[in-house]
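Take a look at the structure set out below.
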Amino acid sequence: MLKILFMGTPDFAQESLKSIYDAGFEIIGVVTNPDKPKGRGMKLAYSPVKEYALEKNLKIYQPIKIKNNTEFLDEIKTLALDVICVVAYGKILPKEILEIPKLGCINVHGSLLPKYRGAAPIQWAVINGEKVTGVTTMYMDIGMDTGDMILKEEVSIGEDETTGELWDKLSEVGAKLLVKTLKQIEDGTATRIPQGEDFSMAPMLNKEMSKINWNSQSAQEIKNLVRGLNPIMGTYSYLNGKKIKFWKVNTLPLENTNAENGTVIKSDSKEGLFIKAKDGIIQVLEIQGENAKKMCIQDFLRGNEIKEGTVLK
């Protein structure tokens, strides 16, 4: 049985850890990010991976850094590892760690490589309006998601699917694919498929990109942005000087109107909120006012008047 060190942090990684544990692989240890303050009380919160590791009494490592960390490196070297499994760990592994396991370091990546290498493949697939994405398992090297591929599985993206919904779906697919990959490595049938030079990147998200530009973005681009940043940060615009977030929207054909982009075409507590975009109409379905909770548009409009003709900035 393979001796495995698992490295991961969020719920996406927890699903993979659970699957390889249930499959009976020998998990020598679990590496996850340090606990972080969370909530109003700023109490230290465990990562989902740590929570599961504690539940199963697995050895836990939480180094603040892994690069130039001699103490951590020396301890890992003593484990006689066959494989290191990395799933959304959150840190780049240095060459010294990649060289430790006998059979290599394996990564579960949330895209169909070589498309969407980088930190946010799931989010960018939604933002860019992709219809299909998937999961790839690969051997890790010193590049950013450049290693040889092992297995892939395609997953369709629904027209209204959010990053959060796709994240959950891909975490389950990735977990099963990791088990299948490890079994192939164990019996010596795992393949190595080079990625080639035709690739695209999925860089880290930033808060600036969450602002809607009513003049330059099409209605579909706005909808994709809303889907892609849900539930991470949401997209926003300014209404009468106050930030307003959009969590769920739909697109409708453009009506005959000379209104400038970003203008409220219709606002009704029964029918909803409709805003002119560059080439269509944005129908708002879920919204969040400044310093308020997110809610369906009908509930929001019952307590917050938005006048027709108002222009969002």
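What you see is a predicted model, and the numbers here were worked out from it, not measured in a lab. Sequential numbering from 1 along the given sequence is applied to the chain's residues.
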More than 12 heavy atoms of other residues, nucleotides or ligands under 6.0 Å from [atom1] of [X]: is that the case?
X	atom1	result
Asp198	CG	no
Leu44	CG	yes
Lys176	NZ	no
Tyr236	OH	yes
Lys50	NZ	yes
Met204	CE	no
Lys56	NZ	yes
Lys152	NZ	yes

| field | Qualifying residue, where the test is side-chain contact (heavy atoms from CB on, under 4.5 Å) with Ile4 and the options are Leu182, Ile28, Leu81 | value | Leu182
| note | Only one of Asn224, Leu205, Thr163 passes side-chain contact (heavy atoms from CB on, under 4.5 Å) with Leu229, and that residue is Leu205
Tell me the closest heavy-atom pair linking [X] and [Y], and the distance in Å.
X	Y	value
Gly110	Pro121	O-CB, 3.5 Å
Thr191	Tyr139	O-CE1, 3.9 Å
Leu177	Val135	CD2-O, 3.6 Å
Gly280	Ala219	CA-CB, 4.1 Å
Ser111	Thr136	O-OG1, 2.7 Å
Ile76	Leu5	CD1-CD2, 3.8 Å

I'd like to check [X] versus [Y] (side-chain heavy atoms, cut-off strictly below 4.5 Å). Are they in contact?
X	Y	answer
Leu79	Lys3	no
Trp214	Ile282	yes
Val284	Phe300	no
Ile281	Leu254	yes
Thr189	Lys183	no
Val49	Val31	no
Cys85	Val108	no
Thr32	Tyr46	no

From [X] atom [atom1] to [Y] atom [atom2], the distance as rounded to the nearest 0.5 Å:
X	Y	atom1	atom2	result
Thr70	Glu96	OG1	CD	9.0 Å
Glu221	Thr251	CD	OG1	12.0 Å
Glu159	Lys223	CD	NZ	4.5 Å
Leu301	Lys270	CG	NZ	13.0 Å
Asp148	Asp141	CG	CG	7.5 Å
Ile185	Leu2	CD1	CG	7.0 Å

Test your reading of the model: is there a side-chain donor-acceptor pair from [X] to the backbone of [Y], 3.5 Å cut-off?
X	Y	value
Gln288	Ala292	yes
Ser237	Lys313	yes
Asp145	Gly118	yes
Gln195	Gly147	yes
Ser171	Asp168	yes
Ser200	Tyr116	yes
Glu290	Lys243	yes
Gln14	Pro48	yes
Ser267	Glu308	no

Quick one: do [X] and [Y] end up in the same hydrophobic cluster if we chain Ile, Leu, Val, Met, Phe, Trp and Tyr together by side-chain heavy atoms under 4.5 Å apart?
X	Y	value
Leu285	Met295	no
Ile150	Phe25	yes
Val264	Val226	yes
Leu170	Leu17	yes
Met7	Val30	no

| task | Please test Ile92 against Met144 for side chain to side chain contact (heavy atoms under 4.5 Å, CB included), starting from the C-alpha separation and ending with a verdict. | result | CA-CA 8 Å; Ile92 296 174; Met144 174 66 78; 4.1 Å; yes
| field | Between Asn33 and Lys91, a side-chain donor and acceptor under 3.5 Å | value | yes
| said: Looking only at the side chains, is there a donor atom on one of Arg227 and Asn230 sitting less than 3.5 Å from an acceptor on the other? | reply: no
| query | Considering the options Gln283, Glu255, Glu271, which one meets the side-chain hydrogen bond (donor to acceptor under 3.5 Å, both in side chains) requirement together with Lys266? | reply | Glu271
| field | Reference residue Asn261; test side-chain hydrogen bond (donor to acceptor under 3.5 Å, both in side chains); the match among Lys276, Lys278, Gln217 | value | Lys276
| field | Intermediate values then yes/no, side chain to side chain contact (heavy atoms under 4.5 Å, CB included), Tyr89 and Asn107 | value | CA-CA 10 Å; Tyr89 174 50; Asn107 179 236; over 6 Å; no
| field | side chain to side chain contact (heavy atoms under 4.5 Å, CB included) assessment of Phe6 paired with Tyr21 | value | CA-CA 10 Å; Phe6 185 88; Tyr21 181 90; over 6 Å; no
| said: Between Met140 and Ile84, does the side chain to side chain contact (heavy atoms under 4.5 Å, CB included) criterion hold? Intermediate values first, please. | reply: CA-CA 10 Å; Met140 299 177 69; Ile84 293 178; over 6 Å; no
